[in-house]
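Beneath this line is the structure, given in structure tokens, with notes to follow.
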Amino acid sequence: MRSHRLISATFIVLPVVVAVLFTSLLVMLVGNEPGEVFQTVWMGAFRNSNALAAVVNFWRPLVMVSMGLVITFTAGLWNIGVEGQMMMGAVFASWAARSLALPHPIQISAEIAAAALGGALWAGLAGVLKTRLGVNEIFGGVGLNALANLLAIYLISGPWQPPEGGSAHSTTPFPANSLLQPASTEFPVSMVALGLAFASIIGVTLALRGTRWGLQLKATGKSSASARLMGVPTTRSVISAMMVCGMLAGLAGSYRVLFTYESLRPLVSGGIGFLGLLVVLLAGIRALWTPFIAFAFAAIMAGSTRLRVSLQLDASLAGVLQGALVLLVLLSNGLRGRVVEWSDRRAAKQAASVSETASPGARHE
Amino acid sequence: MEITLRHIDKRFGKVHANADISVTFSEGKIYGVLGENGAGKSTLMKILAGFQPADQGEIVVDGKPREARLHFGPTESIRSGIGMLQQDPLDIASFTVIEDFVYGSGARLTMGLREARKALKIQCQRFGFDLDQESPVSHLTIGQRQQLEIVRLLALGVRVLILDEPTTGISAEQKETLFSTLGLLAHQEGMTILLVSHKLEDVVALCDRVVVLRAGQVVGEREMPATTSELVKMMFAEELPPQSRQAVTLGKKRVALEDVALRGRRVSLEGLHLSLSSGEVVGLAGLDGSGQDLVLRAAAGVIRTARGRVTVDGRDMTGKSYRQFRQAGVAFAAAGRLEEGLIAGLTLTEHVALGMPGALVKWRAAEADTSERLQRFNVRGRPESQVQQLSGGNQQRFLMAIMPANLALLAVEQPTRGLDVDSARWVWTQILARRASGTAVLFSSPDLDEIIQYSDRVIVFFAGRFIELADLSGVSIDDLGHLIGGQFEQANHA
């Protein structure tokens with residue numbers, strides 16, 4: 001048993017080390033000093049409270065999407081449509097931000113509710129396509145992603161275009177009353193949004209550990225046919241998992257328009273949904289690991305923006321590091337299984353030979 | 001070809017599957033390899049056929065020893081003359097018969113399709129096999145797939161043939177054909193045949209010698225003939241008393257299918273009337289895929305009827321979902337326990353918790369309930385074990401342990417598939433206990449003994465046609481074997 005734990009620990013550390021070495025090699029190939037690069041990224045993320053705020057502002061939508069994806073992965077679903085669900089959340093929140101004029105707290109609540117609704121509906125659609133019409137959620141998701149982005153572009157260049165004339169760049173900025181407020185100029189982060197993020201982490205973790213719904217999702221994910229025969233409402237599980245994930249994705253999307261950009265833009269999700277898929281794969285679909293891995297990703301992403309300024313290196317280097325990390329972790333998970341099996345076999349053989357050599361001795365006594 | 005196994009040893013974790021086994025199989029003989037589930041016979045046969053390496057020991061083939069520890073592989077094994085016919089034949093469903101016959105003969109690329117057709121035809125004529133060369137493998141019955149696998153292995157030059165439970169799920173005719181084929185191969189052509197079987201009648205009818213395994217060791221060998229009770233004594237070191245079946249007075253009607261039509265992938269059937277009363281056991285017999293699986297699933301609400309009505313306790317359930325059937329007191333247990341029934345990757349406690357009411361899971365209560373059930377149903381496993389870690393017998397016991405109480409209908413597909421005599425008896429004790437408490441039982445089985453022994457009534461299926469045997473007195477296994485082969489006329493004469 002102790003050897004199992006040792007093997008597990010090795011296979012968690014190993015891919016990280018290899019990914020760092022691989023990225024270092026790449027940095028050296030383009031003629032830079034790896035140490036300097038990593039230091040720049042670190043400084044970019046943590047040099048002061050403003051830098052840390054940038055990390056948190058990246059982390060907040062990423063962690064919400066990732067927690068949502070923990071739910072769909074548990075239910076055995078590849079929710080590729082998460083990007084579209086973010087965009088629909090952003091579109092719905094933008095509608096509320098533009099059309100309603102309520103007292104600030106109510107206004108914000110209405111926008112958040114609209115965002116959750118938009119994401120949930122879009123995800124629910126993918127769920128219904130899967131359960132009723134047999135459209136795999138991956139293909140349905142890809143289609144719905146494109147559709148959501150087209151809808152956003154149509155709104156930006158059509159009904160919601162700025163009065164000075166059509167541009168496909170963004171809508172007019174939303175009124176200040178509709179926007180999430182930063183906590184301070186030193187730490188420009190919305191506390192309301194941060195609170196929601198922590199609520200989603202705790203909520204999802206508890207729901208998966210302690211509720212019948214969570215257990216039914218797990219059963220559906222492991223074996224849909226068996227779960228159905230055990231009386232689990234598998235269709236309802238699939239659709240509800242999609243909708244809860246869509247809700248969290250919608251909230252993540254709303255943050256991008258109500259805080260980051262203060263307007264609606266095309267591809268407003270910015271690839272955060274796809275990044276969330278990588279985060280959850282890396283966490284091995286474990287709810288408790290997910291926030292930390294999301295934070296590491298956010299730090300690398302936010303920190304690497306400094307690369308261009310200080311070292312004239314493209315920030316996509318961070319993407320290379322992340323990609324290498326995910327591939328290597330998945331690879332090492334596969335390897336770990338084999339090594340555990342191999343060590344079990346060796347232990348069994350040793351036990352066998354020990355008992356053989358021990359038994360004649362016992363006879364002499 | 002003479003095969004000697006010397007000091008074969010194999011462990012799976014803590015389980016000592018084969019403990020220093022030494023045995024010789026000489027040519028021209030048919031051997032029965034006997035033992036209860038987990039006795040180690042499958043492991044030993046898989047080592048011999050190259051499907052897995054042993055930890056220690058050697059295999060001597062015609063005087064040439066090789067270390068059993070080394071990974072040999074089934075292909076190498078076939079090349080050395082040893083072939084194994086698995087319980088589910090390892091054919092390729094999307095191939096036609098002739099394609100399946102040719103594949104695997106890669107060593108002889110020159111063998112053209114025309115010669116292959118001729119060779120297959122000659123082999124089939126020799127043994128009386130009934131195989132349409134152009135038919136897809138997925139359309140064959142288990143019996144035909146076995147025949148195909150036998151001629152394929154023979155064409156590859158196999159001299160030692162291992163058969164794992166070959167008589168399950170085949171008709172009386174197919175069994176006769178199989179036995180005469182095996183007799184011919186061993187006694188006239190000098191092949192070595194190893195038969196792994198739970199069916200002692202088959203062993204008595206066919207084998208020249210038996211080897212009995214218990215707890216990973218060879219505990220006995222003897223020349224045949226022997227009676228089945230002598231064999232049982234060798235396997236279990238005691239004789240099992242025949243299972244008594246208490247008479248149950250039939251109660252009210254619980255489940256009825258009225259003028260039902262069903263559509264399946266391979267067969268469809270029309271105009272089925274079936275009603276089950278409280279305490280009644282109805283057996284469904286037939287070659288696999290003859291329609292009995294459809295009826296079983298339709299009665300349990302797992303598939304929908306194309307026409308007709310299904311009622312449970314007088315309530316019209318036509319077109320309702322399986323969940324609604326379940327709420328109405330119907331439960332279904334499929335043959336594939338881990339594909340349809342238990343959830344691999346979930347612990348035993350999680351299985352029990354799934355069946356508990358309430359929005360929040362009470363883990364402590366669920367674990368206590370699980371421990372209690374494991375003890376009551378004699379399941380060897382811990383609440384925190386994942387279900388796929390249990391052995392087949394324990395999985396079946398656990399499946400019975402988590403079925404809801406007080407059912408109107410218990411529909412069980414092949415209740416004792418892959419179980420040894422002891423586990424099978426235990427499962428039936430559980431099913432009969434439910435029957436005594438008023439549940440109607442509907443089951444299918446490829447094992448005709450089981451059908452005759454436990455049913456009050458039997459429905460026999462053949463290619464979507466069916467015939468009901470309301471009175472089983474005077475119906476022999478052989479009669480039933482002819483019926484599942486499609487000879488309904490004989491039954492009408494009787």
Side-chain angles (χ1 to χ4, degrees), chain A residues 1 3-4 73-76 131-132 203 205-238 240 244 284-286 337-338 340-357 359, chain B residues 9-17 19-20 53-56 69 297 300-302 321-327 330-334 336-347 349-363 366 386-388 395 399 402-404 411 413:
Chain A
M1 281 300 110
S3 72
H4 278 200
F73 270 118
T74 301
T131 51
R132 296 276 171 236
T205 308
L206 292 182
L208 290 181
R209 288 207 167 178
T211 68
R212 213 166 120 75
W213 177 71
L215 187 56
Q216 289 180 337
L217 292 189
K218 190 173 171 190
T220 307
K222 296 279 183 200
S223 168
S224 181
S226 289
R228 192 169 84 92
L229 289 178
M230 286 193 66
V232 173
T234 50
T235 303
R236 207 190 301 162
S237 290
V238 166
S240 63
V244 171
I285 323 180
R286 276 172 288 228
R338 289 191 184 197
V340 165
E341 203 179 297
W342 174 79
S343 91
D344 277 356
R345 226 181 303 147
R346 235 177 56 141
K349 205 175 286 175
Q350 268 168 6
S353 64
V354 165
S355 68
E356 264 164 33
T357 51
S359 49
Chain B
D9 213 89
K10 177 79 181 176
R11 281 169 192 272
F12 294 104
K14 283 178 193 148
V15 180
H16 208 164
D20 193 26
D55 295 337
Q56 275 166 46
R69 185 164 56 78
R297 280 161 193 257
V302 179
S321 71
Y322 174 69
R323 255 172 73 73
Q324 286 164 312
F325 269 80
R326 220 178 132 94
Q327 277 153 9
V330 173
F332 174 68
R337 290 182 276 271
L338 275 185
E339 295 81 43
E340 294 177 284
L342 299 173
I343 301 167
L346 251 56
T347 65
T349 302
E350 285 176 319
H351 278 85
V352 171
L354 268 177
M356 290 166 69
L360 296 179
V361 181
K362 296 172 197 74
W363 285 115
Q386 297 201 338
V387 75
Q388 73 275 16
Q395 282 174 11
L399 189 60
I402 57 173
M403 288 247 158
E413 193 175 52

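Throughout, protein chains are lettered first and strands after them, A, B, ... in sequence-line order, and every chain is numbered starting at 1.
- For chain A, the nearby parts of Ala353(B) are the backbone and the side chain; heavy atoms of each come within less than 4.5 Å.
- Taking chain B as the reference chain and counting heavy-atom pairs below 4.5 Å, the highest number among Ser224(A), Ala207(A), Ala219(A) is found for Ala219(A).
- Closest non-hydrogen pair, Val361(B) versus Arg212(A), comes out as CG2-N, 3.5 Å.
- The two residues Ser226(A) and Gly341(B) make their nearest non-hydrogen contact at OG-N, 2.9 Å.
- Distance NZ/Lys222(A) to CD/Glu350(B): 8.5 Å, rounded to 0.5 Å.
- Heavy atoms of Arg209(A) lying under 4.5 Å from chain B belong exclusively to its backbone.
- The line from NZ of Lys218(A) to CG of Leu354(B) is 10.0 Å long, rounded to the nearest 0.5 Å.
- Distance CG/Leu399(B) to CE/Met230(A): 8.0 Å, rounded to 0.5 Å.
- When all heavy atoms are compared, the tightest approach of Val302(B) to Arg228(A) is O-NH2, 3.3 Å.
- The closest side-chain heavy-atom distance from Leu215(A) to Trp363(B) is below 4.5 Å.
- For the pair Arg236(A) and Arg323(B), the minimum side-chain heavy-atom distance is below 4.5 Å.
- Contact of Met403(B) with chain A is not made at all, since no heavy-atom distance falls under 4.5 Å.
- Contact tally against chain A (heavy-atom pairs below 4.5 Å) for Ile343(B), Leu360(B), Leu346(B): the top residue is Ile343(B).
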